[in-house]
Amino acid sequence: MTPWEAVAVFAAGVGAGAINAVVGSGSLITFPTMLAVGFPPIVANVSNNVGLVPGGVTGVLGYRAELRGQRERLVRLGAASVIGSLAGGLLLLRLPAEAFRVIVPVLIGLACLMVVFQPRINEWLAARRRPHPHGGPWLWAGVLGAGMYGGYFGAAQGIVLIGLLGSFLDEDLQRVNAAKNLLSLLVNATAAVLFAFIAPVDWAAVLTVALGSAAGGFLGARLGRRLPAPLLRGFIVVVGIVAIVKLVF
């Protein structure tokens with residue numbers, strides 16, 4: 001990376017860390033930025049995943065008050081996140097690079113739609129909620145699937161988790177968001193350990209994203225609730241469209 005490219009990746013890491021702490025979908029900023037500066041898709045994906053782990057840590061610490069009383073629930077759901085992440089990460093590494101180029105634009109497009117329609121999706125799911133202390137087997141299965149998605153690519157896994165947790169748990173949004181942050185961290189950390197040993201990681205990119213995401217996660221946990229949701233969604237969607245264009249053309 002040139003110095004200016006490193007600055008761009010660092011800034012993207014700050015934005016991704018902040019957005020992940022508040023909503024999820026931070027990879028829709030870092031991943032296309034890394035593509036834009038010339039990283040191959042697989043290298044960009046795995047390096048981005050590893051680099052976002054510190055941002056996940058600071059985001060979780062920022063929401064530690066909302067995590068109180070959720071330990072038993074998160075141990076159960078965390079197991080699903082770890083298993084799913086391992087499966088998704090192995091799938092990423094075993095499928096050919098051409099498959100990633102085809103699958104990821106579709107995943108980004110779906111993620112953008114989820115970001116746009118998140119309020120309506122949550123309202124629809126909340127109307128059908130069946131409260132359970134730990135969410136029941138359907139929530140466990142859903143978190144497992146979200147973990148697989150996160151291990152494979154990860155963009156918007158936070159949106160998926162918020163929708164699932166908000167639907168199956170009788171909790172307020174801030175406690176749901178705190179649980180989402182911890183489960184997302186488990187997914188990213190599990191995939192990061194896997195990728196560190198058997199994937200083509202660019203450690204310079206990892207360090208740059210890590211420094212940015214750590215700062216962003218801290219800022220997002222403290223200030224993110226004040227961001228206008230429509231503006232944030234619009235920004236994520238624009239970045240996602242740029243990523244799709246970059247991958248396809």
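Index from 1, following the sequence.
Without hydrogens or angle criteria, Gln70 side chain to Arg175 main chain gives a donor-acceptor distance under 3.5 Å. Under the 3.5 Å distance criterion, the side-chain polar atoms of Arg76 are left unmatched by any main-chain donor or acceptor of Gly136.
Of all non-hydrogen atoms in Ala191 and Ser85, the two that sit nearest each other are N-OG, 3.3 Å. Closest approach of Ala44 to Leu35, counting heavy atoms only: CB-CD2, 4.2 Å. Residues Leu74 and Ala179 share a closest heavy-atom pair of CD2-CB, 3.7 Å. Taking every heavy atom of both residues into account, Val176 and Ile162 meet most closely at CG1-O, 4.1 Å. The heavy-atom pair separating Gly220 from Ala21 by the smallest distance is C-CB, 4.0 Å. The two residues Val160 and Ala146 make their nearest non-hydrogen contact at CG1-CB, 4.0 Å.
Tracing side-chain contacts under 4.5 Å through hydrophobic residues (I, L, V, M, F, W, Y), one never reaches Trp4 starting from Val9; they form parts of separate clusters. Cluster membership check: Val14 does not share its hydrophobic cluster with Ile29, using side-chain heavy-atom separations under 4.5 Å among Ile, Leu, Val, Met, Phe, Trp and Tyr. Criterion: ILVMFWY side-chain heavy atoms under 4.5 Å apart, direct or through other members. Under it, Met148 and Val193 are not part of a common hydrophobic cluster. Neither Val7 nor Val37 shares a network with the other; the hydrophobic side chains, linked directly or stepwise wherever heavy atoms of I, L, V, M, F, W or Y lie under 4.5 Å apart, form separate groups for each.
By the 4.5 Å heavy-atom criterion applied to side chains, Met34 and Val209 are counted as neighbours. At least one side-chain heavy atom of Leu77 sits less than 4.5 Å from a side-chain heavy atom of Leu165. Side-chain contact between Phe195 and Leu93 is present, with at least one heavy-atom pair separated by less than 4.5 Å. Between Asn181 and Leu67, every side-chain heavy-atom pair lies at or beyond the 4.5 Å cut-off.
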**Q.** Asn45/Phe153 under side-chain contact (heavy atoms from CB on, under 4.5 Å): CA gap, chis, key distance, verdict
**A.** CA-CA 7 Å; Asn45 187 44; Phe153 180 50; 3.3 Å; yes
Q: Just do the side-chain contact (heavy atoms from CB on, under 4.5 Å) check on Ser184 and Asn20 with the steps written out, would you?
A: CA-CA 9 Å; Ser184 295; Asn20 280 342; over 6 Å; no
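Sorted by first and then second residue, the pairs that involve residues 157-166 and meet side chain to side chain donor-acceptor pair (under 3.5 Å), not counting sequence neighbours, are Gln157-Asn188. Listed by first and then second residue, the side chain to side chain donor-acceptor pair (under 3.5 Å) pairs involving residues 199-221 amount to none (not counting sequence neighbours). Screening residues 139-148 for salt bridge (charged side-chain N to carboxylate O under 4.0 Å, His left out) gives no qualifying pairs among residues at least two apart or on separate chains.
In the hydrophobic clustering, where aliphatic and aromatic side chains (Ile, Leu, Val, Met, Phe, Trp, Tyr) are joined below 4.5 Å either directly or transitively, Val75 stands alone. Its side chain outside the 4.5 Å cluster rule for every partner, Val187 clusters with none of the Ile, Leu, Val, Met, Phe, Trp and Tyr residues.
Under the side-chain contact (heavy atoms from CB on, under 4.5 Å) criterion, Leu95 pairs with Leu91, Ala99, Ile103, Tyr152, sequence neighbours left out. Listed by chain and residue number, Phe10, Leu207 satisfy the side-chain contact (heavy atoms from CB on, under 4.5 Å) test with Leu211 (two or more places apart in sequence, or in another chain). Taking Asn177 as the reference, Tyr63, Lys180 meet the side-chain hydrogen bond (donor to acceptor under 3.5 Å, both in side chains) condition, with sequence neighbours excluded. Residues that satisfy the side-chain contact (heavy atoms from CB on, under 4.5 Å) test with Ala80, not counting sequence neighbours, are Trp140, Val143, Leu144. Residues meeting the salt bridge (Lys or Arg N to Asp or Glu O under 4.0 Å) test with Arg64, sequence neighbours left out: none. Remark: Pro200 engages Ile42, Val43 in a side-chain contact (heavy atoms from CB on, under 4.5 Å) (not counting sequence neighbours).
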Which atom pairs, donor and acceptor, lie under 3.5 Å between side-chain atoms of residues 48-61 and protein residues at least two apart or in another chain?
residue : atom : partner : partner atom : Å
Asn48   : OD1  : Thr30   : OG1          : 2.4
Asn48   : ND2  : Ser27   : OG           : 3.0
Thr58   : OG1  : Pro54   : O            : 3.4
Thr58   : OG1  : Gly55   : O            : 3.0
Thr58   : OG1  : Ala214  : O            : 3.0
Thr58   : OG1  : Phe218  : N            : 3.4

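Note that the CG atom of Leu183 and the CZ atom of Arg73 stand 10.5 Å from one another [nearest 0.5 Å].
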